[in-house]
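Remarks on the structure that follows.
Numbered from 1 within each chain, the chains take letters A, B, ... in sequence-line order. Reckoned from all heavy atoms, side chains included, excluding hydrogens, waters and symmetry mates. Computed from a prediction, not measured in an experiment: that's the story for all the values here.
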Protein chains: 4
Amino acid sequence: MMLSSAPRGRPRDNRAHQAILTAATELVTELGYAATSIGAVAARAGVGKDTIYRRWSGKAELVYEAVFTETEATPAPDTGTLAGDLTALLEALIQEFTAPAAAAALPGLLADFAANPGLRARIRSEFLAPAKSGLVTVFERAVQRGETDPNVPVDLVLDTLAGAVFFHVGLVGEQPGPQLAAQLAAVAGRGIETR
Amino acid sequence: MMLSSAPRGRPRDNRAHQAILTAATELVTELGYAATSIGAVAARAGVGKDTIYRRWSGKAELVYEAVFTETEATPAPDTGTLAGDLTALLEALIQEFTAPAAAAALPGLLADFAANPGLRARIRSEFLAPAKSGLVTVFERAVQRGETDPNVPVDLVLDTLAGAVFFHVGLVGEQPGPQLAAQLAAVAGRGIETR
Amino acid sequence: MMLSSAPRGRPRDNRAHQAILTAATELVTELGYAATSIGAVAARAGVGKDTIYRRWSGKAELVYEAVFTETEATPAPDTGTLAGDLTALLEALIQEFTAPAAAAALPGLLADFAANPGLRARIRSEFLAPAKSGLVTVFERAVQRGETDPNVPVDLVLDTLAGAVFFHVGLVGEQPGPQLAAQLAAVAGRGIETR
Amino acid sequence: MMLSSAPRGRPRDNRAHQAILTAATELVTELGYAATSIGAVAARAGVGKDTIYRRWSGKAELVYEAVFTETEATPAPDTGTLAGDLTALLEALIQEFTAPAAAAALPGLLADFAANPGLRARIRSEFLAPAKSGLVTVFERAVQRGETDPNVPVDLVLDTLAGAVFFHVGLVGEQPGPQLAAQLAAVAGRGIETR
DNA sequence: AAGTAAGCGAGACGGTACGTCATGTCTTAAT
DNA sequence: ATTAAGACATGACGTACCGTCTCGCTTACTT
């Protein structure tokens with residue numbers, strides 16, 4: 001009984017993998033998401049189109065991996081207050097959404113994810129996974145400090161924070177100033193504080 | 001006093017105009033934004049493609065007009081409290097974003113608008129125009145009642161409300177329950193109240 | 001009994017007629033037959049498209065009239081010999097087929113005429129009408145002089161002369177030298193002489 | 001010694017090639033040259049349009065290859081007399097120009113070739129290539145027999161023969177009778193005999 | 001003088017074809 | 001089995017012309 005089949009034939013080339021991701025990031029940054037085609041990515045990476053389709057099911061999944069997999073596991077902020085923690089989380093979110101490749105990719109990428117039932121579920125579970133775990137931790141501490149109610153709907157808060165940042169800087173295209181995180185924390189944060 | 005030069009040539013056919021908008025709405029609802037093509041809209045409307053391109057510059061502008069120009073001039077809500085007014089505004093926003101054609105069109109449509117510098121400016125000025133005028137009025141009343149600070153950044157609040165609704169129901173695809181508006185008003189509204 | 005109904009309504013404008021023919025000739029000369037469109041002719045003539053369609057059924061008929069209606073009724077040549085007369089006829093034919101507008105129009109124009117059963121019959125009766133009447137006269141004189149046989153198939157000779165000129169200068173694009181008419185008269189003419 | 005680089009990528013499918021040529025021949029025969037579109041050829045051949053454009057630059061080149069590349073290398077006729085040889089050559093030419101697909105294609109096809117400088121040069125070198133080599137041989141034999149002058153302009157004779165046949169049966173649409181070749185040989189052939 | 005009818009320039013109309021591009025699959029030889 | 005290359009069927013793109021139509025206007029002839 002074999003649990004894992006022995007790998008047969010030529011193994012996949014990891015250099016190709018990396019070249020594809022780099023090419024995808026570059027093209028999305030230069031041309032935008034809509035104008036980036038699989039064929040162009042393949043050409044720039046010096047790779048056949050099949051080599052891409054063998055690894056990703058389409059443009060959305062490829063660009064997602066290329067642009068959003070600098071998954072630095074940021075530890076949850078711990079400034080001592082809910083407002084401070086939220087500001088820190090928002091700063092990270094703003095930074096993530098305004099990085100050149102991400103800003104260029106996000107609207108089209110989210111649209112493609114939203115249009116595909118299989119991908120739609122992954123928006124919250126993957127795009128927002130790091131933010132969510134941080135938010136949960138921040139809330140636990142705030143509950144312990146008595147700053148907020150244990151029944152706060154975390155997912156809704158998360159969608160609100162992400163939606164506000166995405167709409168403000170991703171869609172409307174507003175340049176984020178230095179106080180943006182604090183302002184958003186004030187708008188969206190105090191609502192969940194226990195008075 | 002003549003402000004407009006005399007129209008020359010055969011005037012545009014309003015029946016064609018309407019047939020195109022209807023066909024576009026139907027196709028977006030049935031197939032989704034990405035799968036809706038100008039050619040298919042023309043075919044269903046019984047119209048040549050030129051007749052569409054003569055009036056709209058592309059799919060984004062056409063679908064925008066088809067789906068978001070039942071501009072019912074809703075008067076600003078006046079429930080007596082900021083929280084109540086915001087809830088009413090959010091209910092209208094949720095209803096607008098979850099209507100079948102709008103829900104099918106929004107992610108792709110906003111992506112196309114965001115990708116085009118000329119259209120991007122119109123996201124806030126047209127998609128959110130009715131909501132914004134309502135919000136401004138609601139704030140003026142809240143300021144007079146002493147509920148909030150006159151310096152609240154209205155555009156940022158608007159982006160937060162719209163972003164939250166769009167992300168929560170448009171992208172993530174969450175079905176809006178009856179308390180959603182109130183919950184969002186609580187999350188995003190109390191932050192701007194004067195303590 | 002009225003043979004001709006009195007003309008009612010506004011009479012046709014002769015200046016428009018002439019402007020259309022001029023524009024058609026210019027465009028055919030500048031762009032070639034295939035690239036000349038009815039719309040472009042109308043625009044250059046400062047005329048509506050209907051004003052053209054009211055007078056001609058299509059591009060072929062319009063260009064035919066524009067380019068081949070300098071019907072100078074050349075008298076049949078009379079040099080005293082069949083060879084001389086044929087040379088003179090061929091010179092006229094060569095001149096007609098190599099005039100700038102005619103050279104640009106002929107291949108496409110004849111193709112359109114040949115493709116349309118209604119127009120096809122007019123190729124010999126209109127394009128070659130002047131040449132044919134000249135040829136008949138030349139033959140009658142040659143028969144009287146005993147140079148040729150009365151049973152010569154005139155139409156076939158005419159098609160041969162026209163075909164030779166059209167193929168040589170119209171299609172192949174050979175520049176006609178000064179002896180071309182004489183050479184063709186020698187090739188195609190001596191065959192019909194009585195030895 | 002390698003003259004050709006190794007072919008890379010998927011090789012072209014010969015069945016597609018053949019299906020395209022067959023479809024083109026059929027459509028030209030059924031609808032005529034002008035009404036035959038590349039899209040219709042692709043549809044009937046069960047092929048994408050690109051597969052056609054990858055091989056031919058346009059309708060003219062495609063139809064030329066479809067209709068005129070049953071290059072049966074007919075040996076030059078050798079009947080013993082110039083008149084007999086010319087009659088045989090003309091019979092072949094008549095047969096070629098009156099074959100259903102050829103008759104339907106020729107006027108429009110030659111017009112397209114004549115309108116394009118790049119293609120124009122190929123009219124004599126490709127359409128008439130077989131006839132020309134035959135004609136040259138026939139002439140050499142006739143010169144040896146003393147029937148004709150070595151200085152006869154062969155190209156001009158060829159254009160005359162082809163032009164006569166094309167104009168008579170291709171454009172004017174005359175049905176060729178059994179003596180047509182002999183009559184044309186008499187008209188165009190005796191002129192080049194040495195008296 | 002008023003009415004009627006056709007011509008006129010402009011340009012919108014429903015169609016059809018164009019030639020290009022992107023998609024995702026397939027087929028080759030070479031690794 | 002994977003690779004780079006590139007052919008393949010499909011179908012959308014935005015443009016151009018076709019020949020017809022619908023406007024407001026003009027120009028004649030008919031009452």
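In this structure, the CG atom of C/Asp112 is 13 Å from the C1' atom of F/dC18, given to the nearest Å. Between the CG atom of C/Asp13 and the P atom of E/dC8 there is a distance of 6 Å, given to the nearest Å. What separates CZ of D/Arg54 from C1' of E/dC21 is a distance of 12 Å, to the nearest Å. Remark: C1' of E/dT20 and CD1 of D/Ile52 are 14 Å apart, rounded to the nearest angstrom. Between B/Trp56 atom CH2 and F/dG14 atom P the separation is 15 Å, expressed in whole Å. Atom CG in A/Leu62 sits about 11 Å away from atom P in E/dG24, given to the nearest Å. Atom OH in C/Tyr53 sits about 17 Å away from atom P in E/dG11, given to the nearest Å. The interatomic distance linking A/His17 (NE2) with F/dT2 (P) rounds to 14 Å, in whole Å.
Residues C/Pro100 and C/Thr29 share a closest heavy-atom pair of CB-CG2, 4.1 Å. The minimum heavy-atom distance linking C/Pro107 with C/Gly170 is given by the pair CG-O, 4.0 Å. In this structure, C/Gly118 and C/Arg122 approach most closely via the heavy-atom pair O-CD, 4.2 Å. Closest approach of A/Ala101 to A/Val28, counting heavy atoms only: O-CG1, 3.9 Å.
Phosphate contact (OP1/OP2 of F/dG6, side-chain N/O of D/Arg12, threshold under 4.0 Å): absent. Of the side-chain N and O atoms in B/Thr51, none sit less than 4.0 angstrom from OP1 or OP2 of E/dA12.
Put simply, the side chain of B/Leu106 reaches to within 4.5 Å of the side chain of B/Phe68, judged on heavy atoms. The shortest side-chain heavy-atom distance between D/Ile123 and D/Leu110 falls under the 4.5 Å cut-off.
Annotation: of the two residues near DNA chain E, B/Ala16 and C/Ala16, the 5′-most nearest-nucleotide partner is C/Ala16.
Looking at heavy-atom distances under 4.0 Å, A/Arg55 makes contact with sugar-phosphate atoms alone, never a base.
Near DNA chain F, meaning a heavy atom under 4.0 Å away, the residues from residues 30-50 of chain C are C/Ser37, C/Ile38, C/Gly39, C/Lys49, C/Asp50.
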**Message:** What does the B/S/- profile of nucleotides 23-31 of chain F look like, 5' to 3', with a 4.0 Å heavy-atom cutoff to protein?
**Reply:** S--BBSSS-
Please list, one pair per line, the donor and acceptor atoms closer than 3.5 Å that link side chains of residues 45-56 of chain A to other protein atoms, with sequence neighbours excluded.
residue: A/Arg55; atom: NE; partner: A/His17; partner atom: ND1; Å: 3.2
residue: A/Arg55; atom: NH2; partner: A/Asp13; partner atom: O; Å: 3.1
residue: A/Trp56; atom: NE1; partner: A/Glu65; partner atom: OE1; Å: 2.7

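Put simply, the side chain of B/Lys59 gets close to the backbone of B/Tyr33: a donor and an acceptor are under 3.5 Å apart.
Results of the side-chain contact (heavy atoms from CB on, under 4.5 Å) test with B/Val41 over B/Thr22, B/Leu21, B/Ile20, B/Val63 single out B/Ile20 as the only residue that passes.
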